[in-house]
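Remarks on the structure that follows.
We count residues from 1, following the sequence as given. Hydrogens, waters and symmetry mates are skipped; everything else that's a heavy atom, side chains included, is used. On a predicted model such as this, the values are computed, not experimentally measured, just so you know. We count ligands from 1, going down the list as the structure has it; atoms in each ligand are counted the same way.
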Amino acid sequence: MSDPKRAADSPFATEVEAGKSYFWCACGQSQSQPFCDGSHKGGDFTPVKYAATESKTVYFCGCKSTAAQPLCDGSHSKT
Ligand code: FES
């Protein structure tokens, strides 16, 4: 399995809405970060669903190295 592309050096602060689902790009190739745009097709990655239970700001991982997909766990400052 190949490594994901590092899309950003910091997380994407994103307003999510309760009851909505979001599909986080795991491969790093999407042009509409932090969300999947279908660019992963043919590769090793598939998007990760995030179902918002409340309306708030969440931090989607940008470096794609997080162990807490799809959210930032601070890995961007370690790798
Ligand atoms: Fe990256 Fe779909 S474009 S997971």
Can I get a per-line list of side-chain donor-acceptor pairs under 3.5 Å for residues 48-60, giving both atom names and the distance, sequence neighbours left out?
from	atom 1	to	atom 2	distance (Å)
Ser55	OG	Ala18	N	2.9
Thr57	OG1	Glu15	OE2	2.7

query: With side chains defined as the heavy atoms from C-beta onward, is the minimum distance between Pro11 and His76 less than 4.5 Å?
result: yes
query: Hey, are the side chains of Phe45 and Ser2 touching, using non-hydrogen atoms and a 4.5 Å cut-off?
result: yes
message: I need the Cys25 SG to Phe12 CZ distance, nearest 0.5 Å.
response: 9.0 Å
- prompt: What distance do Asp37 atom CG and His40 atom NE2 have between them, rounded to the nearest 0.5 Å?
  reply: 9.0 Å
Sphere of radius 2.8 Å around atom 2 (Fe) of ligand 1 - protein N, O or S atoms inside: Cys36 SG, His40 ND1
task: Say whether Lys64 and Gln29, considering side chains only, have a donor N or O and an acceptor N or O under 3.5 Å apart.
output: no
